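Below is one structure; the comments refer to it alone.
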Amino acid sequence: MSDVIKLLPESVANQIAAGEVVQRPASVVKELLENAIDAGATSLKLVVKDAGKTLIQVIDNGCGMSETDARMCFERHATSKIRESRDLFAIQTMGFRGEAMASIAAVAQVEMKTRRRNDELGTRIVIEDSRVKTQEAVSCESGTSISVKNLFFNVPARRNFLKADPVEMRHILDEFQRVAMANPDLFFSLHHNGQEIFHLASGNLRQRVVKIFGENINKKLVPVGEDTEVLQISGFVGKPDYFKKTRGEQYFFVNKRFIKSSYLHHAVVQAFEELMPSDAYPLYVLFLEIDPASIDINVHPTKQEIKFDDEKLVYNYLKVAVRHALGSHNVMPMIDFEQENSFAPTLSSPIKNKQHHTPNFDRPTTGNTVKSNRDYNPDNFDDNNRQQSNLRNWQKLYEGLDLISPAENQIENDTEFIENQQPSSITVGSRANTNESIILIDDNTESFTKEHREPYQIHSQYIVSQIKSGFLLIDQQAASERILYEKYLETLTNSSISTQKLLFPKTIELNPADAALMKDLLSEINKLGFEIEEFGANTFVVHGLPAEINGTINEQDLIEKLLSQYKNNIELELGIYENLARSAAKSAALKRNQTLTGREMKDLIDQLFACQIPYKSPSGRNCFITFDLEELQKRFTS
């Protein structure tokens, strides 16, 4: 029997290694930028086409390479950073494994031009599928230019698994921003499909943060600085009134290397204790300088995970440093964090200019009820029939409420009365193993009658609505999101919302990444009732807002919130209309702790049950929960 164990060909071994090192175009961007920094470059230019699928090019003015080094850099485990195992515990450079260039060359077509400052001629190498196609002398600028073309051209399965261009571009922007943030003293530029997105001049950290996140953030930054025997902590955190409900502006750097650490993130959040909502994410850009011998970064090929000798000590130092910075700058909460600016500040916004009516589920369903969510269109005959069918089904839940006898509503149990209640005594309980609130009627109170079937609000979050079999507990935020989502999706697909002109046009400035996204979405956003036009660079002029928006609104915050929601959904790979409708609905929906009038609660219920899918919000949350009288009676008799 012949031997079965064989040595893999070099090209195959490189492709296997590339599976860990090169996961997507952003991985190539990270490796090339870090190599340029290690080469001593002071100017780095990143050129990308088709979100990196067609071209990724990095041009730097670093030290360049000799002819031999240019060829050797594509060999596996070839590196200039370390010589022996002890060097792993004193790493000061970004790269050290010697795997990146070999892995990239195994799955792409690579062209490199490089020249040292003192050499008359440079070297040009073309390599494809780990095989050198061309190596020749060439006249070129000092430094190095590397072009990575047609990533995964020889691994079709990997290329097919790449996400849509907006998703891949978002990852490239993340990697670019991390490297640029860690090196504010260097010049960086980013070009995508011929358009310059970032132009970052060398400067200090504050200037770099402001250039990346936008001018508006400048006044929100609080400097952090602590120098101890173990480590030095520096950087910035955002003021408590500048927070977001999603991740995205949290950066840790250890010895200028970006890392991810939920443990250290918890330390920062604890420093903001009682200054922000528990579900909020503060902004921070924090640098930790520590002895390389006290950490281990050789944990994962991406080098974004790290181990500390004494992680608890680092945690405590970080928490104290952030808290001290907030205290020394007299940072205190200045706003009511439970309130948020809304795309549609009042519930009446979604149905403005439509006839208000009190929903009565005891009467036959009419066409006007269907119109509470969308207008009748002969072309949408099936949709209207579906809505009418939905309403008829919901109508059955409410039929005969005035015929329910008092005995059916009596629950025999002692209850705890709530102070200052109306004649009907109400008590609040909780459902077993859940956080759901339950409203119960004491057995001594008057039975449900027609005049007592008005919906009412509890904790400014939920709406109680009686049905013949029990009652519904409606989440006002989730219900509002579902209503607005279907409305905006219909608008984007078939029509447009009327626009209210501003008395004076408002100029807004976005950060470069958001500005690029805004340009791509501008026509679709304007369909939602906005009137916005590009004004050059990263500036836009707002001429009008959706007519449904009432009250005072900050146009800058409104647009930034809409774009933020869109970016958070981008990984879901929704269609552009679905993503934008979901994002606008999330920004516009009623918020928790927002008090509603009786009419607004009725309108919300009416519109929710006119939706095609009233059960779930666009993000999958329940819009309502049904409680049966039989279930409640069992809980009081058990």
Side-chain angles (χ1 to χ4, degrees), residues 21-22 25-75 78-81 93-95 98-151 153 169 172-173 175-176 179-180 183 186-202:
V21 180
V22 185
S27 306
V28 177
V29 169
K30 173 181 181 293
E31 298 294 345
L32 296 185
L33 289 177
E34 288 183 349
N35 281 346
I37 292 171
D38 287 342
T42 59
S43 175
L44 298 89
K45 180 179 180 180
L46 173 61
V47 180
V48 176
K49 289 184 179 179
D50 301 327
K53 298 174 183 177
T54 301
L55 172 68
I56 300 172
Q57 183 179 17
V58 173
I59 304 170
D60 69 69
N61 64 347
C63 63
M65 287 179 279
S66 66
E67 181 180 358
T68 302
D69 287 344
R71 176 65 185 84
M72 281 294 295
C73 76
F74 290 103
E75 298 293 335
T79 178
S80 62
K81 316 300 173 56
T93 56
M94 295 295 101
E99 292 181 327
M101 295 306 299
S103 298
I104 293 171
V107 293
Q109 299 164 335
V110 181
E111 178 185 14
M112 181 174 70
K113 295 179 181 179
T114 183
R115 180 175 73 84
R116 295 181 298 188
R117 294 184 180 89
N118 297 329
D119 293 342
E120 292 184 1
L121 293 175
T123 303
R124 174 178 177 266
I125 291 181
V126 177
I127 188 169
E128 180 180 307
D129 195 15
S130 298
R131 297 179 178 85
V132 177
K133 300 294 185 180
T134 303
Q135 181 171 348
E136 60 187 2
V138 67
S139 177
C140 60
E141 295 289 334
S142 63
T144 303
S145 171
I146 300 180
S147 299
V148 179
K149 304 175 183 177
N150 301 320
L151 187 64
F153 79 100
M169 191 60 200
I172 289 175
L173 287 171
E175 293 294 350
F176 178 85
V179 176
N183 300 274
L186 307 181
F187 168 82
F188 288 85
S189 67
L190 169 59
H191 300 255
H192 182 223
N193 292 340
Q195 178 184 0
E196 185 176 53
I197 298 178
F198 282 100
H199 186 93
L200 306 175
S202 60

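Just so you know, residue 1 is the first one in the sequence shown, and it goes up from there. Below, each value reflects all heavy atoms present in this structure, side chains not excepted, and no hydrogens, waters or symmetry copies. Keep in mind the model is a prediction, meaning the values are calculated, not measured.
- In this structure, Ile37 and Leu44 have side chains that are in contact, with non-hydrogen atoms separated by less than 4.5 Å.
- Rounding to the nearest 0.5 Å places SG of Cys73 at 4.0 Å from CE of Met112.
- Annotation: the span from Ile197 atom CD1 to Leu173 atom CG amounts to 5.5 Å, rounded to 0.5 Å.
- Using a 4.5 Å heavy-atom cutoff, the side chains of Ser66 and Arg116 are in contact.
- Here the closest heavy-atom approach between residue Ile172 and residue Ala51 is recorded as CD1-O, 3.4 Å.
- Put simply, the side chain of Val110 reaches to within 4.5 Å of the side chain of Phe74, judged on heavy atoms.
- Here CG of Asp119 is found 10.0 Å from CD of Glu67. Values are rounded to the nearest 0.5 Å.
- Using a 4.5 Å heavy-atom cutoff, the side chains of Glu31 and Ser103 are not in contact.
- Taken from OG in Ser202 to CG in Asn183, the straight-line distance is 11.5 Å, to the nearest 0.5 Å.
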Atom pairs and distances, side-chain donor-acceptor, residues 134-145, under 3.5 Å, sequence neighbours left out:
| residue | atom | partner | partner atom | Å |
| --- | --- | --- | --- | --- |
| Glu136 | OE2 | Arg124 | NH1 | 2.8 |
| Thr144 | OG1 | Thr114 | OG1 | 3.0 |
| Ser145 | OG | Gln57 | NE2 | 3.1 |

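- With hydrogens and angles left out, the side-chain atoms of Thr42 and Asn61 include a donor and acceptor closer than 3.5 Å.
- Within the model, atoms NZ of Lys45 and CG of Asp60 stand 12.5 Å from one another, a figure rounded to the nearest 0.5 Å.
- Leu186 and Ala41 get closest at one heavy-atom pair: CD2-O, 3.5 Å.
- Residues Ile125 and Thr123 have side chains in contact (heavy-atom distance under 4.5 Å, counting atoms from C-beta outward).
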Worksheet entry | Test log, rule salt bridge (Lys or Arg N to Asp or Glu O under 4.0 Å), inputs Glu34 and Lys30 | CA-CA 6 Å; Glu34 288 183 349; Lys30 173 181 181 293; 3.4 Å; yes
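- Residue Lys53 qualifies as enclosed at atom NZ: its count of foreign heavy atoms under 6.0 Å is above 12.
- Using a 4.5 Å heavy-atom cutoff, the side chains of Val28 and Val22 are in contact.
- Glu75 is not listed as a side-chain neighbour of Met101, based on a closest heavy-atom distance of 4.5 Å or more.
- Shown here for Phe176 and Leu200, the closest heavy-atom pair between the two residues is CE2-CD1, 4.0 Å.
- No donor-acceptor pair under 3.5 Å is formed between the side chain of Asp50 and the backbone N or O of Gly52.
- Atom CD1 of Ile59 sits about 8.5 Å away from atom NE2 of His191, to the nearest 0.5 Å.
- Side-chain contact between Ile56 and Leu46 is present, with heavy atoms from C-beta onward closer than 4.5 Å.
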Item to complete: Go through Val132 and Arg71 one step at a time and tell me if the side-chain contact (heavy atoms from CB on, under 4.5 Å) criterion holds.
Response: CA-CA 9 Å; Val132 177; Arg71 176 65 185 84; 3.3 Å; yes
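- Defined by atom type and a distance below 3.5 Å, a donor-acceptor pair is missing between the side-chain atoms of His192 and Gln195.
- Under the 6.0 Å cut-off for aromatic ring centres, Phe198 and Phe188 do not qualify, their centroids lying 6.0 Å or more apart.
- Closest approach of Ser130 and Ala102 over heavy atoms only: OG-O, 4.5 Å.
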